[in-house]
Amino acid sequence: MVNITLPDGSVREFDGPVSGEELAASISKSLAKAAVAVRVDGKLKDIYLPIEQDATVEIVTRDSEDGVELLRHDCAHVMAEAVKELYPDTQVTIGPTIDNGFYYDFSREERFTPEDLEKIEARMREIVQRDEPIRREVWDRNEAVEFFEGMGEKYKAEIIASIPEDEEVGLYRQGEFIDLCRGPHLPSTGKLGTSFKLMSVAGAYWRGDSRNEMLQRIYGTAWASDKELKAYLQMLEEAEKRDHRRLGREMDLFHMQEEGPGSVFWHPKGWTLFQAMIAYMREKQRLAGYQEINTPEVLDKSLWEKSGHLEKFGENMYLTQTPDERVFALKPMNCPGHVQVFKQGIKSYRDLPYYLAEFGKVHRYEPSGALHGVMRVRAFVQDDAHIFCTEAQIAEECVKASRLIYEIYRDFGFDDVRVKFSDRPERRVGSDEVWDHAENALKEALNQLQVEWTLNPGEGAFYGPKLEFVLRDAIGRDWQCGTVQVDLNLPERLGATYVDKDGERRHPVMIHRALFGSLERFCGILIEHYAGHFPLWLAPEQVIVATITDDADDYALEVLSAARARGLRADADLRNEKISYKVREHSVTKVPVILVVGKREAEERTVAMRRLGGKAQEVMSLDAALDALADEARSPLAR
RNA sequence: GCCGGAAUAGCUCAGUCGGUAGAGCGACUGAUUCGUAAUCAGUAGGUCCGCGGUUCGAUUCCGCGUUCCGGCACCA
């Protein structure tokens, strides 16, 4: 007797072992048709395998979240099958699912071309047509290793050999193709459907390690229906339209050029946006008790030797030699400079926590392949600050800094923020005891914050563990922005001390924190997040006064002065062009408000206010319009 | 840095099987005085990314380099 409990709580009795297929069929015909797998006591299983003991079972349908995941995984296998059929000399490696799709890494002498992708996709559709059953087999580990080695599949053999001894070696067979896989899978290739598409081919290191050989990775996307596939492809197109590199040019915010790889030329409008961000942060930090400073960008090599930067971060540093043959480094971080400021005069425990902030421009020689618009550059401004405090104050100060980050992101329109905790890296300074201490303090802060977080093992800074605050951009890419780092090493290395209650000199703890992180990156994220439609307080150009004919020129200039007098960033468009032409042009550059004035408005001292993207316009008195706009243009901190 | 791809007018792109290039938009000039996302006409604008090589001749073919794009690795 096997008792199966269904999600609704009902229990079904069977005389003996029952498969998911049979169970679904016993419930309804339509469910049997839609069923592709089962979840037995929380674990996904193949639908044709017998359930031999009492269990809670959920039928997984093709269009459910689990179902789509399986479908994508199968898609990867079918792709591998197609590749092996077309190019038998190829070795297969791994093929997992990812957001929106899947990939599979192959090893092959020749390169896959876009034409090859078309062929592979066509063959995949044939395999779906064949509707090959996909069946699980449990193999003896050594036999499996021999089998794959015999086929010349050295990567597969290596993976199998590395599976823990107590785990089953499960292989899945579909047609002639057999692959190692944890599973489960759909019952046959026909269940895959046709809503998939191969997207691109790219290089990827074997086991994700740059010391290993490079494989060829083919990316694909797969969905439960053509409708969803189409929606996804459309989303990609939309994302392309809001790409900050494109909008940066269209809105005349910035440019970059060959002579300065990874360096931004900010144009007047882009710099206005940048300054609006700084103005906001300056005020936010003032309210939180920070003092702003400014420290040198070029400092003698010896300081960077003392701090450990040259040893642990040197690959990323720009060095420069002066005519007197002294060697200086462009600062890649602001911390050593801030320690120098802290060290001036004698600090008492009563001075702690001591907050120093700087909008510091740092230079880092980043790998060329990492550069990406303003998101990943070699010269950027950090809203950096260092909090010098006692060990007892660490957790509280980390909590305060983290809360600032959440508040700020909310003001800029981001609610979905993820946190990663990065612990000690291989390349580090300081003893294990010190690291234990720093990591525990940071974890305590996370506890107090009561937020979800994930561990990012070995990704901490060389001087301390860190919290990383991550935002997702329009194309689904994650960007690390804010960070809070606990440092028990640099103050000692650089000789920073304070006099404690007992008269002893002690090294303070240093908390490094950046809230935007990089102003450049945050700015890029803002552009994409808003698709260039900035809220009024951030828009580089807030108001355009546009005339209908030159009858209104004098009045338009009067409106312009009045708008500027209220602090609005405004300009006038008096050109002899049709109003529809002007509206289009300023809409393309995403000016949020156009005040249209013609003869009628001039006579009545009104304006016709038109919002970006809006259909209608509102005629209101000049004063009322400017009052409303000036109010709306205030920063969130002034509300 | 690694794998693959690309680089032609300000932008988007076409083109030359080797004989020094073209469109649309934009810019400029003129006309048009017009009510909410493109008025009409004309003009100008190019080291075809750079350096070598092959060739009578290279923007085109080959090599090297630079930058960019998509990934990987790295990272704020």
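As the structure is a prediction and not an experimental result, all values here were calculated from the model. All chains are named by letter (A, B, ...) in the order of the sequence lines, taking the proteins before the strands, and each is independently numbered beginning at 1.
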Might you list the N or O atoms of the protein lying below 3.5 Å from N or O atoms in nucleotides 8-15 of chain B, with each pair's distance?
from, atom 1, to, atom 2, distance (Å)
B:rU12, OP1, A:Arg249, NH2, 3.4

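- In this model, the phosphate group of B:rG70 is approached by a side-chain N or O of A:Arg245 to a distance below 4.0 Å at OP1 or OP2.
- Relative to the side chain of A:Met214, the nucleotides B:rA76, B:rG35, B:rC3 differ in distance, and B:rC3 lies closest.
- Taking atom CD1 of A:Ile98 as the reference point, atom C1' of B:rC72 lies 13 Å away to the nearest angstrom.
- A donor N or O paired with an acceptor N or O is not found under 3.5 Å between the base of B:rG1 and the side-chain atoms of A:Tyr365.
- If you take atom C1' in B:rA27 and the same atom in B:rU12, they sit 16 Å apart, rounded to whole Å.
- For A:Phe412 and A:Phe522, the distance between ring centers is under 6.0 angstrom.
- Between B:rU36, B:rA73, B:rA76, one nucleotide has an atom nearer to the side chain of A:Arg610 than all others, and that is B:rU36.
- Under 4.0 angstrom from either OP1 or OP2 of B:rC75 there lies no side-chain N or O belonging to A:Arg376.
- Aromatic ring orientation, A:His338 versus A:His386: perpendicular (interplanar angle above 60°, classes split at 30° and 60°).
- Judged by distance alone, with hydrogens and angles left aside, A:Glu601 brings a side-chain donor or acceptor within reach of the base of B:rG35, the pair sitting under 3.5 Å.
- Taking 4.5 Å as the limit, every side-chain heavy atom of A:Val201 sits out of range of all side-chain heavy atoms of A:Tyr103.
- Taking atom CG of A:Asn100 as the reference point, atom P of B:rG71 lies 13 Å away to the nearest angstrom.
- The backbone N or O of A:Gln480 sits less than 3.5 Å from a side-chain atom of A:Arg521, completing a donor-acceptor pair.
- Between the CD atom of A:Glu250 and the P atom of B:rA37 there is a distance of 19 Å, given to the nearest Å.
- Protein atom CG of A:Asp550 is 14 Å distant from nucleotide atom P of B:rG35, rounded to whole Å.
- Look at CZ on A:Phe313: it is 8 Å from C1' on B:rC75, rounded to the nearest Å.
- Residue A:Tyr205 has its side chain nearest to B:rA73 when only B:rA76, B:rG71, B:rA73 are considered.
- Aromatic ring orientation, A:Phe462 versus A:His309: perpendicular (interplanar angle above 60°, classes split at 30° and 60°).
- Salt bridge status for A:Glu118 with A:Arg123: absent, with no side-chain N to carboxylate O gap under 4.0 Å.
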Can you give me the N/O atom pairs linking the protein to nucleotides 39-42 of chain B at distances under 3.5 Å, or say none if there are none?
from, atom 1, to, atom 2, distance (Å)
B:rU39, O4, A:Glu577, OE1, 3.4

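- Taking CD of A:Glu213 as the start and CH2 of A:Trp206 as the end, the distance is 8.0 Å to the nearest 0.5 Å.
- In this entry the distance linking NE2 of A:His586 with P of B:rA38 reads 14 Å, nearest Å.
- On the C1' atoms, B:rG10 is 10 Å away from B:rG45, given to the nearest whole Å.
- Cation-pi contact between A:Arg513 and A:Tyr290: present, with separation from the ring centre below 6.0 Å and deviation from the ring axis of at most 45°.
- Taking the ring centre of A:Tyr555 as origin, the terminal cationic atom of A:Arg605 falls outside the region bounded by 6.0 Å and 45° from the ring axis.
- Among the protein residues, A:Ser518 comes within range of the nucleic acid bases, having at least one heavy atom under 4.0 Å from a base atom.
- The residue A:Ile548 sits close to a base: some heavy atom pair falls under 4.0 Å.
- Considering only side-chain atoms of A:Thr549, the nucleotide from B:rG35, B:rA73, B:rU33 that sits closest is B:rU33.
- Ring planes of A:His529 and A:Phe414: tilted class, angle from 30 to 60°.
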N/O contacts under 3.5 Å, protein versus nucleotides 62-67 of chain B?
from, atom 1, to, atom 2, distance (Å)
B:rU66, O2', A:Glu258, OE1, 3.4

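- Considering only side-chain N and O atoms, A:His372 lies nowhere under 4.0 angstrom from the phosphate OP1 or OP2 of B:rC68.
- Side-chain contact check for A:Asp384 and A:His512: no donor-acceptor pair (N or O, by modelled atom type) lies under 3.5 Å.
- Base engagement by A:Arg521 is indicated by at least one non-hydrogen atom pair under 4.0 Å involving a base atom.
- Note on A:Ala370: a base of the nucleic acid sits closer than 4.0 angstrom, heavy atoms only.
- Ring orientation note: the planes of A:His363 and A:Tyr318 are nearly perpendicular, at an angle over 60° on the 30°/60° scale.
- Set against B:rA37, B:rA76, B:rG70, the side chain of A:Glu468 has B:rA76 as its closest nucleotide.
- Figure legend: A:Arg108 and A:Tyr87 shown as a cation-pi pair, the cationic atom lying under 6.0 angstrom from the six-membered ring centre and within 45 degrees of its axis.
- In a base pair of the Watson-Crick type (N1 to N3 plus N6-O4 or O6-N4) or a G-U wobble (N1-O2 and O6-N3), with each distance short of 3.5 Å, B:rC25 is matched with B:rG10.
- Using atom C1' as the reference point in both B:rA23 and B:rG53, the two lie 34 Å apart (nearest Å).
- Taking the C1' atom of each, B:rU59 and B:rU8 are spaced 8 Å apart, rounded to whole Å.
- Contact between the side-chain N/O atoms of A:Gln480 and the OP1/OP2 oxygens of B:rA76 is found at a separation under 4.0 Å.
- By the 30° and 60° cut-offs, the orientation of the rings of A:Phe516 relative to A:Tyr280 is tilted.
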- Just do the salt bridge (charged side-chain N to carboxylate O under 4.0 Å, His left out) check on A:Lys466 and A:Glu439 with the steps written out, would you? CA-CA 8 Å; A:Lys466 59 185 178 184; A:Glu439 285 170 1; over 6 Å; no
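- To the nearest whole angstrom, the two P atoms, one in B:rA9 and one in B:rG46, are 11 Å apart.
- Set against B:rA76, B:rA37, B:rG35, the side chain of A:Phe380 has B:rA76 as its closest nucleotide.
- For A:Leu612, taking side-chain heavy atoms from C-beta onward, the closest of the listed nucleotides B:rA37, B:rG70, B:rG1 is B:rA37.
- Comparing B:rA7 with B:rG63, their P atoms sit 16 Å apart, to the nearest whole Å.
- At a threshold of 4.0 angstrom between heavy atoms, the contacts of A:Ala608 include nucleobase atoms, whether or not backbone atoms are also involved.
- With a cut-off of 3.5 Å on both Watson-Crick or G-U wobble distances, the partner of B:rC72 is given as B:rG1.
- Residue-level contact check: A:Val377 touches the bases, meaning some heavy atom is under 4.0 Å from a base atom.
- The residue A:Ala204 sits close only to the backbone: its heavy atoms come under 4.0 Å of sugar-phosphate atoms, none of a base.
- One interatomic measurement links the two molecules: CD of A:Glu426 to P of B:rC74, which rounds to 11 Å at whole-angstrom precision.
- Atom pair A:Asp105:CG and B:rC3:P shows a separation of 16 Å (rounding to whole Å applied).
- Nearest to the side-chain atoms of A:Gln617 among the listed nucleotides B:rU36, B:rA73, B:rG70 stands B:rU36.
- Among the protein residues, A:Gly614 comes within range of no part of the nucleic acid, since none of its heavy atoms lies under 4.0 Å from any strand.
- Taking atom C1' in both B:rA6 and B:rC74, one finds a spacing of 24 Å when rounded to whole Å.
- Taking the centre of each ring, A:Phe106 and A:Tyr104 come in below the 6.0 Å mark.
- For the P atoms, the distance from B:rC11 to B:rC68 is 15 Å, rounded to whole Å.
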